[in-house]
2 protein chains.
Amino acid sequence: MSDMPIFLQIRDDLAEKIRRQHFKGGSRLPAERVLAEQYKVSRMTLRQAIALLVNQGKLIRKPGSGTYVSDQEKEVSENLKGITSFTQIMQSQGKKAQSKFIVFKRHLPSAIEASNLEIDRNEEVITIERVRYGDEEPIAFEITTIPVSLVGNINRSQMAHGLYEYLEDRGFHFGKAVQEISAVVPNEIVCKRLNLTLGQAALFLRQTSYLTDDKPFEFVKTYYAGDRYRFYLEKH
Amino acid sequence: MSDMPIFLQIRDDLAEKIRRQHFKGGSRLPAERVLAEQYKVSRMTLRQAIALLVNQGKLIRKPGSGTYVSDQEKEVSENLKGITSFTQIMQSQGKKAQSKFIVFKRHLPSAIEASNLEIDRNEEVITIERVRYGDEEPIAFEITTIPVSLVGNINRSQMAHGLYEYLEDRGFHFGKAVQEISAVVPNEIVCKRLNLTLGQAALFLRQTSYLTDDKPFEFVKTYYAGDRYRFYLEKH
DNA sequence: TAGTGGTCTAGACCACTAT
DNA sequence: TAGTGGTCTAGACCACTAT
């Protein structure tokens with residue numbers, strides 16, 4: 001792996017130390033100048049590594065104060081178990097769930113995709129874009145990205161038939177999934193897919209799903225038509 | 001605006017030139033070294049500006065070849081990245097939580113309030129509107145409605161001090177809470193409370209909270225500034 | 001006041017693309 | 001072969017935080 005850029009190697013090392021609690025949640029990281037010296041790189045290079053982890057939400061920068069390991073544990077556990085799946089909701093409403101493939105392509109990942117899938121930018125991925133319908137009405141526009149290394153030469157129809165089944169057949173087991181929900185006013189392309197008027201709101205969900213060994217296997221972005229879909233949660 | 005970092009000024013200038021088609025979709029941008037010289041900055045600084053536009057999906061880098069203005073039509077998934085990148089930074093962490101009361105009133109419930117609280121329309125309720133801040137910045141606008149029969153003559157300061165504590169002190173115990181999340185483009189009043197520009201998106205949450213005897217005790221509507229708040233979920 | 005992250009410089013070498 | 005973006009260096013000064 002010594003052909004990986006140094007800043008990626010440092011990122012991985014830092015991520016590993018956070019995962020192993022060598023750097024604990026909420027604690028302050030050693031100063032950039034200190035880390036740079038430890039890794040024997042310039043401060044700019046060290047900052048590249050940190051920037052990636054900041055983007056992932058694993059680190060938080062506080063100018064003048066320091067860089068902190070984010071305490072994600074709290075927010076997550078605080079709430080929201082039992083989010084309901086798309087098909088479940090459609091079924092509960094007596095609607096027929098369907099989905100239509102728009103795009104199926106193999107390509108090099110964007111920086112964001114690579115970072116969320118924890119792969120190198122020259123490692124190929126497959127991206128599937130599809131629209132999900134409830135009773136013929138577009139409800140969600142979904143963009144899924146998966147490393148080729150995981151699914152190999154999966155084709156369109158295998159994918160349509162169910163990614164999860166495909167992976168389970170190959171002996172992979174699913175672990176956790178991390179989701180983030182926000183609200184956006186989507187751009188023209190997304191509006192078109194969802195039959196939305198420009199200016200309407202959409203729920204935007206980003207999800208990274210992991211295998212039992214904590215390796216990410218898919219990164220999904222989904223836009224839900226704001227007026228046709230809602231998440232139902234129950235807290236106990 | 002000369003106190004804005006140079007790389008942000010350059011980003012804005014480049015974005016403007018793309019918008020005005022001075023740099024046309026699909027065309028190649030001048031080389032980084034050329035642009036750096038034009039803007040009279042180092043190449044690293046120029047690259048910071050470009051990196052932001054790449055993250056937004058407005059530019060695409062092709063190593064060895066050049067940097068291109070993305071052709072929005074084609075590259076759907078590429079474009080979608082940009083919507084997230086900014087918001088990600090706004091994480092609700094390490095920020096000081098505050099809240100400010102806007103309204104505290106006793107009144108007869110609306111049909112929706114009565115139905116959610118499972119009370120009669122002539123049974124009085126108390127409504128509290130407040131804005132919640134994270135580090136001085138408005139994050140959420142919350143409208144809570146409670147039956148008077150439950151809290152009696154609770155006053156503003158008792159309410160501010162914590163509704164839940166107040167109820168627990170009186171021997172009530174909390175059960176489940178049911179939530180529903182959707183996306184909306186909020187009206188003028190809500191925008192004002194949250195310092196939003198009209199047309200921006202907000203997460204809209206409706207929650208009904210129950211006591212252990214399954215009697216509803218509060219009905220809450222909350223608007224979260226779409227660009228300042230996200231829900232994090234973890235599924236297992 | 002000492003330490004921190006934010007920004008910026010003026011270079012350098014690399015692998016890759018395009019010709 | 002010339003040009004390109006990718007990476008990296010070894011500094012510098014700044015505003016801000018924490019004490």
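Below, all heavy atoms of this structure are taken into account, side chains as well, without hydrogens, waters or symmetry copies. Below, chain A is the first sequence line, B the second, and so on; all start at residue 1.
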(message) Counting only heavy atoms from other residues, nucleotides and ligands, does the tally under 6.0 Å from CD of A/E16 exceed 12?
(response)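 Yes.
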(request) Identify, between A/G64 and A/V41, the residue whose nearest nucleotide on DNA chain D lies closer to the 5' end. (result)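 First, find each residue's nearest nucleotide; the 5'-ward one identifies A/V41.
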Kindly say if [X] contacts the phosphate of [N], meaning a side-chain N or O under 4.0 Å from OP1 or OP2.
X     : N      : result
B/S65 : C/dA18 : yes
A/R33 : C/dT4  : no
A/S42 : D/dC8  : no
A/R47 : C/dG6  : yes

Rounded to the nearest angstrom, tell me the gap between atom [atom1] in [X] and atom [atom2] in [N].
X      : N      : atom1 : atom2 : result
B/M44  : C/dA10 : CE    : P     : 14 Å
B/I10  : C/dC8  : CD1   : C1'   : 11 Å
A/L108 : D/dG6  : CG    : C1'   : 14 Å
A/R43  : C/dA10 : CZ    : P     : 18 Å
B/L8   : C/dG6  : CG    : P     : 13 Å
B/Y39  : C/dT9  : OH    : P     : 14 Å
B/E37  : C/dT9  : CD    : C1'   : 15 Å
A/L46  : D/dT9  : CG    : P     : 10 Å

(request) Between D/dT4, C/dG6, D/dC8, spot the one nearest the side chain of A/P63, thanks. (result)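 So the side chain of A/P63 is nearest to C/dG6.
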(message) Taking the minimum atom-to-atom distance to the side chain of A/Q48, which one of C/dC8, D/dT7, D/dG5 wins?
(response)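 From the listed options, D/dT7 comes nearest.
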(request) Select base, sugar-phosphate, or nothing to describe what B/I6 touches, counting heavy atoms under 4.0 Å on all strands. (result) sugar-phosphate
(request) Look at the side chain of A/R28 and the backbone N and O of A/S65, then say whether any donor-acceptor pair between them is shorter than 3.5 Å. (result) yes
(message) Looking at B/T197 and B/Q200, would you say the former's side chain and the latter's main chain have a donor-acceptor pair under 3.5 Å?
(response)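 Flag not set: sc B/T197 to bb B/Q200 has no pair under 3.5 Å.
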(message) Counting only Watson-Crick pairs (N1-N3 plus N6-O4 or O6-N4) and G-U wobbles (N1-O2, O6-N3), all under 3.5 Å, who is the partner of D/dC16?
(response)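 Here D/dC16 is engaged in a pair, and the nucleotide opposite it is C/dG3.
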(message) Counting only Watson-Crick pairs (N1-N3 plus N6-O4 or O6-N4) and G-U wobbles (N1-O2, O6-N3), all under 3.5 Å, who is the partner of C/dG11?
(response)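 Base partner found: D/dC8.
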(message) Check the orientation of A/F204 and A/Y223. Use parallel for under 30°, tilted for 30 to 60°, and perpendicular for over 60°.
(response)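 Taking A/Y223 first and then A/F204, their aromatic rings sit tilted (interplane angle of 30° to 60°).
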(message) Against A/E118, only a single residue in A/R11, A/K58, A/R19 fulfils salt bridge (charged side-chain N to carboxylate O under 4.0 Å, His left out); can you say which?
(response) A/K58
